[in-house]
Amino acid sequence: MQTFNDTDGFINKSDTFYIYGYDNQHIIIDAEFFIDIIKEEGSGFKLFPDIGSLDTNKETVYGVININNLSQGRHFIYFRMKDKSGKWG
């Protein structure tokens, strides 16, 4: 999987981020992200398909991060995708 960042390398109020994910053997049906802490599967912030719906083994998804409640400083964004068999990874 690969992330696409903006030019300044920082998350700003207006930033949207895009993630390209692929699975050579399975269809991707869901995607989520977390800020700083990874929680239970299916409990993250929703990632949306860039085009159409999540229904192939190669997908680009996007999400918007609300930074209003984040403290100033470094934060980590984690993401995962779910395949048609129900496995997150």
Side-chain angles (χ1 to χ4, degrees):
M1 291 188 205
Q2 182 177 3
T3 61
F4 299 90
N5 300 319
D6 64 353
T7 56
D8 67 5
F10 295 96
I11 296 173
N12 303 298
K13 279 191 174 187
S14 61
D15 282 354
T16 301
F17 65 96
Y18 291 85
I19 299 167
Y20 174 73
Y22 62 91
D23 185 322
N24 289 328
Q25 299 177 346
H26 301 96
I27 302 297
I28 297 167
I29 62 166
D30 201 0
E32 64 184 0
F33 76 94
F34 300 88
I35 301 172
D36 294 328
I37 300 171
I38 300 172
K39 298 180 182 178
E40 294 179 30
E41 294 173 344
S43 66
F45 295 101
K46 185 85 173 151
L47 289 168
F48 302 96
D50 188 37
I51 299 173
S53 60
L54 298 177
D55 57 4
T56 69
N57 68 327
K58 296 178 181 176
E59 294 287 351
T60 299
V61 295
Y62 71 92
V64 178
I65 299 176
N66 181 346
I67 64 169
N68 292 328
N69 295 323
L70 292 179
S71 61
Q72 187 173 5
R74 182 177 291 219
H75 295 276
F76 294 92
I77 300 171
Y78 301 96
F79 67 92
R80 61 182 163 211
M81 293 181 169
K82 181 180 177 181
D83 68 25
K84 196 171 183 177
S85 69
K87 182 179 177 184
W88 286 93

- Hey, could you give me each pair passing side chain to side chain donor-acceptor pair (under 3.5 Å) that has a residue in residues 33-43? Not counting sequence neighbours. Asp36-His75

- Task: Quick one: do Phe45 and Phe33 satisfy ring-ring contact (aromatic ring centres under 6.0 Å, His included)? Show the steps, please.
- Result: CA-CA 5 Å; Phe45 295 101; Phe33 76 94; 5.2 Å; yes

- Task: To the nearest 0.5 Å, tell me how far Phe76 CZ sits from Ile37 CD1.
- Result: 12.5 Å

- Message: Just verifying a value: how many Å separate Ile38 CD1 and Trp88 CH2, rounded to the nearest 0.5 Å?
- Response: 12.5 Å

- Message: Is any side-chain heavy atom of Leu47 closer than 4.5 Å to one of Met81?
- Response: no

Compile the donor-acceptor pairs under 3.5 Å between side chains in residues 48-57 and protein atoms, sequence neighbours left out, one pair per line.
from  : atom 1 : to    : atom 2 : distance (Å)
Ser53 : OG     : Asp55 : OD2    : 3.1
Thr56 : OG1    : Lys58 : N      : 3.3
Thr56 : OG1    : Lys58 : O      : 2.6
Thr56 : OG1    : Glu59 : OE2    : 2.9
Asn57 : ND2    : Asp23 : O      : 3.2

- Message: I'd like to know if the side chain of Glu32 reaches the main chain of Gly42, judged simply by a donor and an acceptor atom lying under 3.5 Å from each other, with no hydrogens or angles considered.
- Response: yes

- Task: Determine, stepwise, if the pair Ile27 / Asp83 fulfils side-chain contact (heavy atoms from CB on, under 4.5 Å).
- Result: CA-CA 5 Å; Ile27 302 297; Asp83 68 25; over 6 Å; no

- Task: For Lys84, enumerate each residue passing the salt bridge (charged side-chain N to carboxylate O under 4.0 Å, His left out) test, keeping only those at least two apart in sequence or located in another chain.
- Result: none

- Message: Using the rule that Ile, Leu, Val, Met, Phe, Trp and Tyr join whenever any side-chain heavy atoms are under 4.5 Å apart, tell me whether Ile77 and Ile19 fall into a single cluster.
- Response: yes

